[in-house]
Undergrad: 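What follows is a structure written as structure tokens; I'll ask about it next.
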Amino acid sequence: MSTKIAVNAASGKMGQQVITQVISHQSVELVAAICRAEHRLLGRTVRTTDVNYTSNMSAGLKQSDVVIDFSLPEATMQLVQRAVQNKKAVLIGTTGFDKAQTEQLEQAAKKIPILLAPNTSIGVNSTLALLAMAAKMLGKKADIEIIEAHHKHKIDAPSGTAIRMGHTIAEAMGEKFDELKVTESRFEKRIRKSGEIGMSVIRAGEIIGEHKVLFALDNEIISIEHKAQNRHCFAEGAVAAAIWLATQPPGFYSMQDFLSAE
Ligand SMILES: NC(=O)c1ccc[n+]([C@@H]2O[C@H](COP(=O)([O-])OP(=O)(O)OC[C@H]3O[C@@H](n4cnc5c(N)ncnc54)[C@H](OP(=O)(O)O)[C@@H]3O)[C@@H](O)[C@H]2O)c1
């Protein structure tokens, strides 16, 4: 049986990429493409399908098993409220949630299945496993720097993926990321303290998403890197995880939960 998928923020770069993946995937069906009220796409047909772009979120949700969302935190919070009312699963690829918003998502996940993934690419999630391994072996001896680069339109910084990498590294070392992270070190006149995890951010051009972690020892450097070549890798992982999420009980899930269940 095919999984019925609604796409929120269907007009966005990722929304469009997810639609491409849903249309080409054999075991899913696009049932709704949701846009903001008064968007120029409203009423138009989504490519080769018989689905029209709509701003009627509740109607779109009602037809679906799961909704995929890549938008902005405010838009995601509105969507999740409606999804709870309609008892629908939500896969969230949006990044940049603050602590209060994350807590609200955790509360909502007591009522519906929610998968929150700052990065839905299978490659990035494999990279997290490599980072945990490296951090266990080298973390206490190395200077660790997480360097991320994205396009000039990206609003949040450091990226959700860079933050997730930091948490993964710190946990593997038995530490708390919030106590080790340093985001402003380049602008302070001081030498690097041992044990800190530095975060470096680049925003330029149309870079899709690049993450590199350096484990720098005195005489050698180990570097673990992931580069997205296009947005397809995010859409592919999001749709695969959404199919899984649609069959799960209420809960707050991650890509790791999906990948380890496969
Ligand atoms: N998890 C991952 O693997 C991954 C990968 C890439 C990107 N992302 C994240 O996904 C999000 C979207 O990225 P993108 O590159 O697709 O951005 P984008 O092209 O700017 O698209 C943003 C979408 O959100 C909609 N939107 C913005 N504010 C809204 C509001 N208040 N109410 C309803 N809709 C609203 C926009 O609608 P309009 O067209 O009407 O403005 C648009 O459809 C970002 O948070 C980004 O960091 C995550």
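Counting starts at 1 for both ligands and their atoms, following the listed order.
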Undergrad: Among protein heavy atoms, which sits nearest to atom 11 (C) of ligand 1, and what does the distance come to when rounded to 0.1 Å?
TA: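 Going atom by atom, the protein heavy atom closest to atom 11 (C) of ligand 1 ends up being S71 O, 3.2 Å.
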Undergrad: With a 4.5 Å limit on heavy-atom distance, are the side chains of L245 and F258 in contact?
TA: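 L245 does not reach F258 side chain to side chain.
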Undergrad: Nearest protein heavy-atom contact for atom 9 (C) of ligand 1: which residue, which atom, what distance?
TA: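 Atom 9 (C) of ligand 1 sits closest to the protein heavy atom G93 O, 3.6 Å.
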Undergrad: Considering only non-hydrogen protein atoms, determine which one is nearest to atom 21 (O) of ligand 1 and report residue, atom name and distance to 0.1 Å.
TA: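 Residue, atom and distance for the closest contact: G12 CA, 3.4 Å.
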Undergrad: With a 3.5 Å distance limit and no angle check, can you tell me whether D69 reaches the backbone of I92 through a side-chain donor-acceptor pair?
TA: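 No, the answer is negative, given that no donor and acceptor are paired below the 3.5 Å cut-off.
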Undergrad: Quick one: look at H39 and ligand 1, take heavy-atom pairs under 4.0 Å, and tell me if it's side chain, backbone, both or neither.
TA: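 Within the 4.0 Å criterion, H39 contacts ligand 1 through side-chain atoms alone.
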Undergrad: Mind checking whether P118 contacts ligand 1 via backbone (N, CA, C, O), side chain (CB onward), both or neither, at a 4.0 Å heavy-atom cut-off?
TA: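 For P118, only backbone atoms sit under 4.0 Å from ligand 1.
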Undergrad: Just verifying a value: how many Å separate R231 CZ and T120 OG1, rounded to the nearest 0.5 Å?
TA: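 Reported to 0.5 Å precision, the distance equals 12.0 Å.
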Undergrad: Show which atoms of ligand 1 fall inside a sub-4.0 Å distance from at least one heavy-atom site of A9.
TA: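 Numbered from 1, ligand 1 contributes 23 (C), 24 (O), 25 (C), 43 (O).
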Undergrad: Considering non-hydrogen atoms of the protein only, which is the closest contact for atom 40 (O) of ligand 1, and what is the distance?
TA: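 Checked against all protein heavy atoms, atom 40 (O) of ligand 1 sits closest to R36 NE, 2.9 Å.
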Undergrad: Measure the distances from the heavy atoms of K154 to every atom of ligand 1 and state whether one is below 4.0 angstrom.
TA: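 K154 counts as a contact of ligand 1 under the 4.0 Å cut-off.
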Undergrad: So N8 and M57, do their side chains get closer than 4.5 Å, heavy atoms only?
TA: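 SC-SC contact between M57 and N8 confirmed.
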Undergrad: Got the closest protein heavy atom to atom 37 (O) of ligand 1, with its distance?
TA: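 Atom 37 (O) of ligand 1 sits closest to the protein heavy atom S11 OG, 3.5 Å.
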Undergrad: Find all atoms of ligand 1 within a distance of less than 4.0 Å from any non-hydrogen atom belonging to M14, and give their numbers and elements.
TA: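 That gives atoms 6 (C), 7 (C), 16 (O) of ligand 1.
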Undergrad: Would the distance check show the side chain of E210 and the main-chain N or O of H226 forming a donor-acceptor pair, the cut-off being under 3.5 Å?
TA: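 No: the side chain of E210 does not pair with the backbone of H226.
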Undergrad: Using atom types as modelled and distance alone, determine if a side-chain donor or acceptor of T49 lies under 3.5 Å from a backbone N or O of V46.
TA: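 Such a contact is found between T49 side chain and V46 backbone.
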Undergrad: For ligand 1, which part of Q78 has a heavy atom less than 4.0 Å away: the side chain, the backbone, both, or neither?
TA: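 No part of Q78 is near ligand 1 at this cut-off.
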Undergrad: Would you tell me which option among T120, I92, T94, T161 has the nearest heavy-atom contact to atom 3 (O) of ligand 1?
TA: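 Checking each option, the heavy atom nearest atom 3 (O) of ligand 1 is found in T120.
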Undergrad: Relative to atom 35 (C) of ligand 1, which among A117, A75, G15 owns the nearest non-hydrogen atom?
TA: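 Ranked by closest heavy atom to atom 35 (C) of ligand 1, first place is A75.
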Undergrad: Salt bridge check, E145 against R192: does any charged N sit closer than 4.0 Å to a carboxylate O?
TA: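 Salt bridge between R192 and E145, a charged N being under 4.0 Å from a carboxylate O: yes.
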Undergrad: Name the closest protein heavy atom to atom 45 (O) of ligand 1, giving the residue it belongs to and the distance to 0.1 Å.
TA: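 Answer for atom 45 (O) of ligand 1: T95 N, 3.1 Å.
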Undergrad: Please confirm whether the backbone N or O of Q107 pairs with a side-chain atom of K111, one donor and one acceptor, at under 3.5 Å?
TA: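 Absent.
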Undergrad: Report yes if some N/O of L72 lies less than 3.5 Å from some N/O of ligand 1; otherwise report no.
TA: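 The answer is no, given that L72 and ligand 1 share no N or O pair closer than 3.5 Å.
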Undergrad: Any sub-3.5 Å donor-acceptor pair from K212's side-chain atoms to S223's backbone N or O?
TA: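 Not a single qualifying donor-acceptor pair exists.
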Undergrad: Is it true that, when you exclude E206 itself, more than 12 heavy atoms of the residues, nucleotides or ligands shown sit nearer than 6.0 Å to its CD?
TA: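 Yes - once you tally the heavy atoms of other residues, nucleotides and ligands closer than 6.0 Å, there are more than 12.
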Undergrad: With a 4.0 Å heavy-atom cut-off (strictly under), which part of F70 contacts ligand 1: side chain, backbone, both or neither?
TA: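 It is both parts that get close, each with some atom under 4.0 Å.
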Undergrad: Between E148 and R203, is the closest basic N to carboxylate O distance under 4.0 Å?
TA: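 Between E148 and R203 there is a salt bridge, with a charged N closer than 4.0 Å to a carboxylate O.
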Undergrad: Could you pull out, from R164, E38, K13, the option with a heavy atom nearest to atom 15 (O) of ligand 1?
TA: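 Looking at heavy atoms only, the winner is K13.
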